[in-house]
Every structure is written in structure tokens, then in C-alpha cells.
Chemist: 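This structure is in C-alpha cells; I'll ask about it shortly.
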Amino acid sequence: MLQQTRVEAVIPYYERFLARFPDVGTLASADLDDVLSLWAGLGYYSRARNLKRAAEQLVTRFAGRLPDGVEMLRELPGVGRYTAGAIASIAFDHPAPIVDGNVARVLARLVGLREPIESSAVKARLWEEAERLADGPAPGDLNQALMELGARICIPRTPRCDLCPVSRFCDARAVGDAASLPVRAPKRAPKIVYAVAALVLRGGKALAVQRPAKGLLGGLWELPGGEVGARERGAAVLARVLRERTGLGVASIARTGAFDYAFTHRALRTAVYRCEAASGRVRLDGWDRHRWVAPESFAELPLAAVSKRALAIACDSDG
DNA sequence: AATCCGGGGGC
DNA sequence: GCCCCAGGATT
């Protein structure tokens, strides 16, 4: 859960998750949809899928226990160099290094690395430094201290060097450029995507569709709809998208609103509709499953934040 | 080496 | 509004 996600954001999800799946065996035998519903809203949904697969492998290969070595830990899905090092050092007290976003910033300043932190040369150097530091009497404590230093004192933009216990060893402090380190490569502008989505009703039930396991928002449910061209708009476009992607004809289409939503590397502009579906069988294109649900219980499905937004707008109007 | 993959806390 | 977060998998 903590991969690329702040501790404060994780805590409520972590509490609910562990209450529901208190041990590896429970998670391994759980229904994937139940795992996803507890993950819904946290983002990076492949992590949930990987975590469940890892639990399954722990049961079948390791009798439900975590191995203590970095090499075997890294064989688990979703466990990379950082996570393997964190488990090995914190749980088992092995001298394994870790470099997360916080540690990278601390070390870039401490050592004085002034090339873009994304470069492989800098990354290699960071892991070397982290390895040197972890090779001591309490590697788990050392690693956690490094991360905590980065999260509390050696923060981005406004480092609190006056409070830093290692400022007298810090190259950036001596040079005076701590606030501008680490250097980051410029990021590309998000791509603008236009979309339509609709609450499709038939006999008082609403059509919910499940996204494919791989890719964006994998395995989550949403309102049917889809990407449209930048200048496409209106009820006819919605009707065409729904016919192509659900096989359903729709009528009495009402536009209930629109909203903008920002993913990290995508800017989404969605027009939201409500409509009645004609009779006929659902034939999905681009979704794994569908369900007809009571509109009030749509929100109980595992939905991404963007889909909750669309649903709220679809239900908001009295149209 | 690049790209993809979410969401929100904190400024 | 912007930055960046207790990264990993895929291509």
C-alpha cells in the first residue's frame, strides 16, 4: 500500500484491510473482488492484485511465512528492490539497503548528487550509498530513520536543516543548494482525453461494467461509456459509444453534467448522461463483465475516484 | 531507458 | 494549482 503513496493516505485503508484479511492465508483464499473493493480509492490497483498473488505464493511455497532473504522476497509479485530490502532489514534485521523517494532525497543532498535523480548512474550511486549505510548493527532502524528523516526534516522544497541531526555532514548544506536538490527530469504534459459516461437504466436497474484486469483502473467497476474525439459531443455520440461498447440501444438521453479529472499523466474531461436502454442482450466490448444493479447500490461496487465522481453527477440531476 | 499505473496530503 | 509520495512491471 505504501508504494508511491503517503503514510497518511494509507492508514485508513490499512486498518480496514487488516481487519478483513488479518493473515496471509485469509488473503490468499479471498475473492479478488473483495480485495479490490477494499483497495478502491487507493490507486495503483495492480498492487492489490500482486499482493493477493504474493499471498497465494507464500501459502503454496513457504507455508504461509515470509522468506527472510532479499532474493526470494523479490520473486514475489509486487516486491521489488525497495520492498524486499524493507522487509529483509526491518522484519529480519538483515543489512539490506533501501532507497525510496525520501531516502533518495536525503542521500542526494547528503552526498551532493546534482544530476537528475532518474538517471541510472545516480540511482546506482544511491543504492551504493544506502548499502554502505545499512551495513551496520541495526539496519532496520537505520533504514527507517533515513525514511523518517526525509519525511519530517529533509523535506522537498523547504528542508529544515536547522533541525537536521546530520547537517554537518551534508554536502548540500555546505554548498547551500539543499532546497534545489534532488534535480528531477522535467515531466511531460498530461495528455487530454475526452470521454462520455452514462447511467444506463432499464427496469429501474443501472448497468455497471467491470474494466479488464490489466491497465488503467484494472478490475474496477464503472459507468459504461468511453473515449470520444475532442470535438465530439451530444447525445448522438453517447448513443453510438453505448451501442458499440455494450450492444444496447438507448433512448430518452439526458445530459446531467460534466467534470474534469486529473490522473498523474492524463487529463480527463467527461460528459455525463442518463438514459433508458432498449431491450436486447448486453454484448461488451472492452469490459470483462457487467451487472444490472439498483442505482443506490452502484456505489457499493469497487469504484475508482473518477467513477464515483461520474456516478454522483449522473444521479445528481432530477432529469 | 521509457512508459504506464491513482489519488491525495501539504504547501 | 503544483509537487511528490515508505515503487514495480512491462516494453
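Numbers restart at 1 for each chain; the letters A, B, ... are given by sequence-line order, proteins then strands.
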Chemist: Can you give me the dot-bracket string for DNA chain B, 5' to 3', counting Watson-Crick and G-U wobble pairs with both distances under 3.5 Å, using [ ] for crossing pairs and | for partners on another strand?
Modeler: |||||.|||||

Chemist: According to salt bridge (Lys or Arg N to Asp or Glu O under 4.0 Å), does anything in residues 37-52 of chain A pair up with another residue at least two apart or in another chain? List the pairs.
Modeler: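 Qualifying pairs: A:K52-A:E56.
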
Chemist: Share the residues that join A:F298 in a hydrophobic cluster, the rule being Ile, Leu, Val, Met, Phe, Trp or Tyr side chains under 4.5 Å apart at the heavy-atom level.
Modeler: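 Its cluster partners, ordered by chain and number, are A:L199, A:L201, A:W221, A:L223, A:V293, A:L301, A:L303, A:L311.
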
Chemist: Show me the pairs that pass side chain to side chain donor-acceptor pair (under 3.5 Å) and involve residues 234-243 of chain A, at least two apart or across chains.
Modeler: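 Sorted result for residues 234-243 of chain A: A:E232-A:R240.
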
Chemist: For A:F263, enumerate each residue passing the ring-ring contact (aromatic ring centres under 6.0 Å, His included) test, keeping only those at least two apart in sequence or located in another chain.
Modeler: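 ring-ring contact (aromatic ring centres under 6.0 Å, His included) check on A:F263 returns A:Y261.
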
Chemist: Tell me, please, which residues at least two apart from A:D141 pass salt bridge (charged side-chain N to carboxylate O under 4.0 Å, His left out).
Modeler: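 None.
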
Chemist: Tell me, which of residues 177-189 of chain A have any heavy atom that sits under 4.0 Å from an atom in DNA chain C?
Modeler: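 The answer is A:R184.
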
Chemist: Strictly below 4.0 Å, heavy-atom distances to any atom of DNA chain C: list the hits from residues 98-131 of chain A, or just say none.
Modeler: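 Contacting residues: A:D100, A:G101, A:N102, A:R105.
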
Chemist: According to side chain to side chain donor-acceptor pair (under 3.5 Å), who are the partners of A:D162, at least two apart in sequence or on a separate chain?
Modeler: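 With neighbours one apart ignored, the set is empty.
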
Chemist: Within residues 78-93 of chain A, find the residues that approach DNA chain C with a heavy atom at under 4.0 Å, and present them sorted by residue number.
Modeler: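 A:G78, A:V79, A:G80, A:R81, A:Y82, A:T83 - these, ordered by number, are the residues of the stretch whose heavy atoms sit under 4.0 Å from the strand.
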
Chemist: Walking along DNA chain B from 5' to 3', note the first and the last nucleotide with an atom under 4.0 Å from a heavy atom of chain A, and give both.
Modeler: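 Nucleotide range with atoms under 4.0 Å of chain A: B:dA1 to B:dG10.
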
Chemist: Does anything in residues 188-201 of chain A pair up under side chain to side chain donor-acceptor pair (under 3.5 Å), and if so which pairs, sequence neighbours excluded?
Modeler: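 Non-adjacent pairs meeting side chain to side chain donor-acceptor pair (under 3.5 Å): zero.
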
